[in-house]
Each structure stands twice: as C-alpha cells, then as structure tokens.
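The structure under discussion appears below in the form of structure tokens.
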Amino acid sequence: MFKPVSPKLNVTLMEEGVLRYWKSHDIFHKSMEMRKGGPEYVFYEGPPTANGKPGVHHVLARAFKDIFPRYKTMRGYHVSRRGGWDTHGLPVEIEVEKKLGFTNKSQIEEYGIDRFNELCRESAFTYIQEWERLTDRIAFWVDLDTAYITYKNEYIETVWWILKNFWEKGLLYQGFKVVPYCPRCGTPLSDHEVAQGYRDAEDPSVFVRMPLVDEPGTSLLVWTTTPWTLPANVAVAAGADVDYVKVEHELPEGGSEHLILAENLLEKVFGEHHPRVVERMKGKQLKGKRYQPLFTFLPLEKPAHYVVLGDFVTTEDGSGLVHIAPAFGADDMNVAIEFDLPILMTVAPDGSFLSEVRPWAGKFVKQADPLIIRDLEDRGLLLRAGTYTHTYPFCWRCSTPLLYYARPTWYIRTSQFRDRLVELNNKINWYPGHIKTGRFGNWLSNNIDWALGRERYWGTPLPVWECESCRSQDCIGSVEELSARAGRDLSDLDLHRPHVDKVRLRCKECGGVMKRVPELIDVWFDSGSMPVAQWHYPFENLDQFKQQFPADYICEAVDQTRGWFYTLHAISTLLFDDISFKNVICLGLILDGQGQKMSKTKKNIVDPWEVINRNGADAMRWYLYTASPPGQERRFSSDLVEEVVRNFTLTLWNTYSFFVTYANLDGWKPVSNEVPAYNSLDLWLRSSLHALVRDVSAALENYDVLGATRPIETFVDQLSNWYLRRSRRRFWKSGSDADKQAAYATLYEALVTLSKLLAPTMPFIAEELYQNLVRSHDPAAPLSVHLCDWPAADQAAINDSLNREMSLVMRLASLGHAARNKANRKVRQPLAEAAFALGSAEEAAILAAYADLLEDELNVKHIRPLSGAGEAAAYSLNPLPKQLGQKYGSRFPAVRKAILEFPADVAARELLDGKPISVEVDGGVLEILPEEVEVRVQAREGFAVASDGPYLAALVTTLTPELVEEGLARELVRRIQDLRKTAGLEIADRIKVTVKATPGLQKACRSFRDYIMAETLALELTFGEPQNEAAAASDTFDGEEVTIGLIKA
RNA sequence: GGGCCUUUAGCUCAGUUGGUUAGAGCGCGCCUCUGAUAAGGGCGAGGUCUCAGGUUCGAGCCCUGAAAGGCCCA
C-alpha cells in the first residue's frame, strides 16, 4: 500500500514534514558523506552580512545557489558547501552608531574603540537566527555549522598573508584618493550620504587661456566651474577622438590670438559668429603639448602642465579641454596615476587655502573664487567668466558644499594586472554571457588601482607598521612574524583595533619605534580572500584548500560584479595568477509587483515568510527559476507565486494523488522484471519523459536554469491533461489485464522520474513523492531522493516521430472540439462521424492509428479522413514562404504568384498524393514539391467544420434516435456521479440506484442499462420512486425530467 | 556623462539560422468536460511587437539612430 494521498494539498504542512524527516535522518550530511571519494564539485558561498534581515533577494540568490550542489551530488560528486559570514565593515558600524546615538567618529574614539568593536562583533550576528531559520526553511543546503567568519583571527591572519604577498611584489602603495568631503565636519562622506544632499547650485563658469610653450600666441581654452582648483592644476585632458579646432580670435584691445577648443563647442562658447577656424586636429594630436602653468605656488616633483588624454572628456559643456587638478577630482586623480603626474595639495582639511597659496592663504576656497577670477583677468588669462547652474552635492548634516578632496590612502596596484585580469576572465563561464565582456569585462579593462584603506574601526587592520623616526615601513604577514618582531608571544592577541595598534615593533633600518598605520582595509578584501582565508591557508588545511580551489560555481546578484565577483577575481589573479571560479550565474535584481526596486523607504519590501507560509518554499523557488532568465530583473509578488501552486504544483500533486488512489484500490505494486505491454499513449509518454530527462540534464550541465525547469512544466501539463485524461478508463476498469499494468507502470515511472528531476529545484515535493512512491515499497532504496542517483535518459525510449504524431493528434482533437462548439453539440452527445482533412498521406495513416483515441476524446462513433472526391468543396493553396523563400530568394514573389494562379483542385490532388506540380515562372518551368505548399480545403455543406492551416475537422451532426438515447444515458450517468459525490461515497463504493424518469429518458435508461450501471458502479438499477433513506436529486434536461435516488450497496 | 540590460495583449512572459495569420499562462465574457484536479477543453474580446530610418522578395528578429525604464559607474 502507498500512503493514501488527498487531492487537497496543504503545502506548508507537507514541507514542514519533509524538513523534520531530513533533520531526523540527517539527510544533508549523509548526502555529503555518501559521495566522499567521488570527484569534488566546489561551490563558494558569497558571505552575507547577518546584521540585517534576509529578504526576497536573498531567497533568490540562495535558491539559485542550491540547485547545482544538489544536482551534482546526485551525479556522484562530493559537494561540501561551507557557509560563511561577512562580519566587518561600515554597515555594522553604522548600526552600532545608531544604537549609541553617535553622529561622528570622534564620539567613537571617546567611547573607546575597544568597547565599540565589541558591540560590532555582537551586532554582526544580530539576525543570525533569522538567517538560519530562512536558509533552513527554503532548503538551501549549506553547511552553517562550519561556516567561516571573517572576524576570526585565523581569517584575518590569512588576509594579512595575502597582503604581505602583495607587499613583497610591490603592489601595495600609499597614494591619494579623492573622496566627497565636508570641510566643516572634517570628514569624508559615504556615497549614501552624498546621495542625500544633491541640490541645484550656481557656480562660476570660467574660460581660461593656457598659453602653449612651443607655439607663442596660441592657448588652450580650458573651462572650469571651480576656479579654486586652478592653483592645483597639473594637466589638461583632451578626448582622443574628439575633433578640435584652432581659431583666430580677435582681441578687444586689437590684434588676435589663436585658441584651441572642441569643434562641437565653438558656437556654445563664441555664439553664431564664431572666429575663423585655421586648423583642425584630433585630440590625440594634442597629446603632450606643454603649456605655461597658471600658478606656481607649489614645487613640482614630476613633469606637469601638458596635454593628456582622458575618456571622460565630453563636448557637452565647456571647451572640450578639461582642467586636471588631481587632488580635487576622481577622474583627475586617475589621470594623475595613469600619467604619473604630480599631485598638488593646495587646500587644508578645513577647506581653506594653505599658506603656500600666498594671495589667498587661509581663505575658504569658495570665497576665493572671485579673487582668483580677478587675478586671472588681470594677467590676461581669462577669456570669459559667468555663472553655471548644475546639481552639486552638499553635506546632508550642515549644508556646506562638499569638496572633492584627496586624502592619503593605501592602494593595491591592480592596474598593473589589467591585461591579465581580462585574459583570465576569458576562462570564466558567465551567465548571462553579456556580463563577461560587458559590465564585468569593461570594468576590468578600465581597471584602476584598488583603494584599499579605510579610516574606520571595525575591520581587518592593515598590517603595515611605520617607523616614527625614519618613516620606513614593514608589512607583517602572520601572527608568528608579529610576535618575532615584537619580541613577545602574541598568539592570543585579538588582531582587531585597538589591540593590534598597541603592538610596537623595532625598526630594522634605524632601530626606531614602529607603529601600525591607522587604516583598516576595505571590507570587500575580506570576502574576496575567502577561497584562501576560509581555510586559514597557508597556516593549515593545505589539502582542503587545494581540493577546494577554484570554485566550480558561484552565484550572486548583478550588484556583485564590482563587489565580490571582482574582489575574488582580482585577489586570485594577483596572488595565484589563476581564476577562482569557473562558472558564475549573475542574477538580476528583484523588483516589486509594479516593477519598482524594493526599498525600505518605499515600504514595498515583500517579506519572504509571508510567501513561504502561504505557498511554500518549493513554489517560491520554482517561481524564481521559471519567471524569467536569471540575469534579468524580475518582478515579484506573492500572487505570482500562488499561480505556480495552482498551475504546476497542484497539477503534479493531483496526478500523483490519482495514481496512489487507484494503485491502492488495485493493490498495484511496482515490479521491475517484466516489460509492460505499452500502448501508443504509453510509448508517447515515455518518449517525452526520456527526452525530458535528456534535456533537463543537458540544461543543468550548462547552468541553464530556465531550460532545466520550464520543460518540466510542459511535461507535467501533458502528463496530466493529455496522458492521464486519455488513460483514466484504463485505471477504472476492473480486473488486472496487461493494458492496465502498462498504464500503471508508465505513470509510476513518470512520477518517480519527475521526483528526481525536481529534486534540485523543488526539493520538498520531490522528497514527498519519492518517499511514498519508492520508499514505501522498497526499504532498500536510498533514504531520500537527495541521496539518489540522477536518472539516465533511455535513448531507446525516445522516439521523435511519436512526439510529432501525438502533437498532430492533439491538434486534431482540438479542432474536433472547436467544430462541436460551432455546431453547438456538447461532448456528452455522441455523434456519428468526424472526418478530417490532412496535409499528407502520411498524416492520414497517423489518423487511422489514433482513431480510437480520437473517437473517445471527441465522443464520435467513427473517425475517418475527409474524402477528396465528394466532400471537399474547394481547395486553396498556400505557398509556404519559409521553404520557397529560402529556395528561390528574390524570385519568391513570382513563384508564389505562379502557384496561386495554378488550378487549385488539380494541384491539391497531386500534392496530397505526394507528387510535385510544375509551374511556369518567367518562361522557365519549376517543380514545386508537396512540402513547399500547404493545401487548404473547405468542406461541402452539411458538416460542422473547424480548420487550422491544412487541417480541417468536419462533423456529421445529424442525430439518430440511438445517438439521442445514448446522449441521454450519459446525462443520467453524469447526474448519478454527482449524487455519489455529494452523498460522500468512496470511489470504489458500490450503489443501488432508483430512477424515476419521463418516458423518453426511461427508454434510454433501459437501452443503456448495462452502460449506466458499469459507469456508476451500480449493482442494482430499478425504476420507481426513490426510497426515503436514499440520497436523492431531481433535475430537468433535454426536455426530460428525472428523480434519482441512490444508496450504498 | 559613460557602460550594460530591458521595452511584444490589462498583468507575467515565450517567440528557433529573418518567412507573410506573433503565441502561452493569469485575468475578463460565453460555452463545455469531469469520481484525480484548486483543474481541463473550445470560442471570443484584448497587439501600431516603444518610435524613426535602413538592409531584404520578406523584419518582432539584422543594422543605424532616438525615446522610456532599470542597474552600475562618474
């Protein structure tokens, strides 16, 4: 016996039961142990931060992460999937700051970094239980017991080891990074803070002459809205492919000068009557031209004041020549690094000019703007000054205009590896493919050095110590090294601030005291180090690391292209000259039902628990897999998930429930030692099933999630709504013949195979089916579907022509139904004949082979082809453009015309017979093949017809008294069955029926007495007034009246 | 401003190397089937395939440009 299955499914109850089963049998760990010794499949978990609640987007990522480890396990791979937690960084600090009511960094220092970091350590796991609960509930199998944690000393030590490696290769250096900075608050602002403070602002707009050194009388015309940055100018940037012109500009005081600017901006700068163009050139021709500096307040340590090229140069505004002050612009700084330009720092951290900038020393830079403009004017360097309105960021706290301001920081010289990063990226398999050369590839080929330093508290400290006296620096790569240098055992030292800051080393150069530099490192370096640091490599676990590097598969959302995807790739490239992941699925964002991004402020966040509690984790997962290609953003609402349950889960469930119900009634058991007597429907289903196994397997091998899921939906639909619908009678009939055995065997095979195909994607329902269908009869079978081997496609069962035949039969059935509808003949009324017109002789044979099936489906007594001679009233020809167009190209219109002018009935006869016709085109004769023309037919009067392309269904709708009687009998059966249901009888209960009917119906009832009794499982059928104790009902139909009573026999 | 993605029915999405009549599901209306079904079937309403050019015998698909939306970066 199978466990009885109700057609009603309580999804959450079922899933929770499965969860308990997995837990009590420790299935997850068994799935890993079982495959020990098998080939390794490596999955890396991109560590989430547990200081916020998990949301739908986390379910998305976790759902996609889960598929392949499960699939590969079933394929025999050993997949240890270690979890991980990202614990450092600003988000954690901000939460703690909020809790403490802090608004700036000095409060943290007053409070004590020690205590502050302890709170951060706790806060990092505020929602750990939420995460564990959700991870568990959605059946993301990841090993959280052994999860790596980025704040552990061992983890940090490996990160130090990596940094030391970079240090020794000369890749770690100190430079400047331009950040949005509030001069009043004295602090840089994060992107998030900057975004809050954009406003329209009016700034100066000045055009300045920069006279060329080697071409007297010629100046570059340069535009800026921040005159205060001009004293820090070191270069002018031009666009390589921008068209520039040299113009002859008349001076008001007489004479003329030459100015260089972008051609596109001539009119914007000078108006319609712009000066005469005397020369044209591309930006790259300007490269290297030297000009006289506007100011010389600061000494230059490197060559400066020449034209460089920058891809950020546009011709929207200004002159197309961009003034470069590396200290005050991010683009400017990148150019400075690229061209090795000096960086002139003219401004103090409070926003005032340094004393070296003599005329304006101590003045706030924005207030100095007018003075600088006047100075330039006095020296004849100003062409024009005006104002310019644009959006500009202000401090959200104090409304001071922000300055872009260079702060000293540490960099990793990743740009040195730019080409290698790109090369290695070519070895990575990206989904969707465009990320590889698009968003990620572009990012790599424009790689700039990684700004590593952070002036914060909770994170991995930069292990660089600097000598107080000689400024020499050392990088420390392990605790052991630190102990040795410090001259004491530091193995118990917490490597976080402030403890590590207290460690002083002796300078190797001068014997002075070395202190650690104040910076932490970018938290992204932590997670990017994860392939190495999770194992505390190379201090231990050398084998594990080797075995688990690189990853076969990682999966995160698209926002990680410049996050984790990049840091993983950059670190492994610099460290090992190798990739760290082979296949990656890059997910799109989740939007709400209206296509808006989910955000706390919009209050449109969908709580995953709401969805899970209502429709279950399987349905949620399935929706995420099937809704759209993985890389695409997807709308999400719980209504859409509910649709999955209704259309897919319940269809599958009810097929399963049907099977179990009848298998139990018949005492059917799975047997494997004999080949069932399959009928054509069985063969078709098995052909589809094994094609499905083949296709789903191939899709999973290719990381094609859509291809691994949508075909299953189609199959389940056909299984339920065609195979089962057409096979029901085979299960109903009493006894146990070979045909019935074949039906059971086929349906059973389909359901068991489906449970395995669904195991990676819908792990719960897969398990539920498997337990009842397999485990209940085979105690020796694996404990769980997730411990099973992946099914193999039986190539011999796959028969493509069978699939084509059946889809023709379905199409004809559909046409038959349409014809019935048009004739207003309901299906319950049997009809004498249905005739079909077909496209070829071959198709006529298919019709004959499936005549029984169609007769049953359409409730007609006889199925046959439409006779060409007497019944087809008219033919028309449809020249098929695909075939003919490809064959004849531009001659197609003429060929088509010739075919349409050919006598249609003559052509039809030949073509339907499989013979070609000859038509004359442009004086030549062409042979047109049957497969190149579709023959359409119209039936003569007297049929109810429906057609579709070459196919036509024609019904004979005239009714004989016998047909009418049979129709009535079926009506009666229908009503008795309804009554059985409402009376609450079991499917197999036998009944006694009493019928009181008007004469016509009573006569029909007598004629079809056996049929009625067989259909309704009636042991007795009597005529007369129903007894009092019986369930009874009265009804009127087709002009007849009836009262039915029934009682359980 | 740059890069990438998206735009097909009221909604969610398919749409093969370009083929003339652009599909499915949900929702809506009418009809129908049913002792597995929360379902199924048929018919209908609902489309300027975002727009404009171009290539082609033929464009939802290819090319160019534009618009709108999204993400990332400035």
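Note that these values count all heavy atoms, side chains included, but never hydrogens, waters or copies made by symmetry.
- Residue A:Arg825 is out of contact with every strand shown, counting any heavy-atom pair closer than 4.0 Å.
- Taking only side-chain nitrogens and oxygens, A:Arg728 comes nearer than 4.0 Å to OP1 or OP2 of B:A36.
- A donor-acceptor contact under 3.5 Å is not formed by the side chain of A:Ser720 with the base of B:A39.
- Counting non-hydrogen atoms under 4.0 angstrom, A:Ala894 reaches nothing in the nucleic acid.
- Among the heavy atoms of the strands lying under 4.0 Å from A:Arg646 are primed sugar atoms or P, OP1, OP2 only; no base atom is included.
- Within 4.0 Å of A:Arg891, counting heavy atoms only, lies no atom of the nucleic acid at all.
- The residue A:Tyr888 sits apart from the nucleic acid: no heavy atom pair falls under 4.0 Å.
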Based on Watson-Crick and G-U pairs with both distances under 3.5 Å, what dot-bracket line describes RNA chain B 5' to 3', crossing pairs as [ ] and inter-strand pairs as |?
(((((((..((((.....[...)))).(((((.......))))).....(((((..]....)))))))))))).
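- No contact: A:Leu884 has no heavy atom under 4.0 Å from any strand.
- Remark: A:Arg439 is not positioned above the aromatic ring of A:Phe565, lacking an NZ or CZ atom under 6.0 angstrom from the ring centre and at most 45 degrees off the axis.
- Residue A:Arg828 has a polar side-chain atom (N or O) positioned under 4.0 Å from OP1 or OP2 of B:C33.
- One N or O donor and one acceptor, one from the side chain of A:Arg980 and one from the base of B:G35, sit under 3.5 Å apart.
- A donor atom on one side chain and an acceptor atom on the other are found under 3.5 Å apart for A:Thr12 and A:Asn10.
- Using cut-offs of 30° and 60° for the angle between ring planes, the A:Phe328 and A:Tyr405 rings count as tilted.
- Under 3.5 Å, the side chain of A:Lys882 and the base of B:U16 form no donor-acceptor pair of N or O atoms.
- For the residue pair A:Asp704/A:Tyr431, the side-chain donor-acceptor check at 3.5 Å is not satisfied.
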Just the table, please: protein N/O against nucleotides 4-7 of chain B N/O, every pair under 3.5 Å.
{"unit_1": "B:C4", "atom_1": "O2'", "unit_2": "A:His434", "atom_2": "ND1", "d": "3.3"}

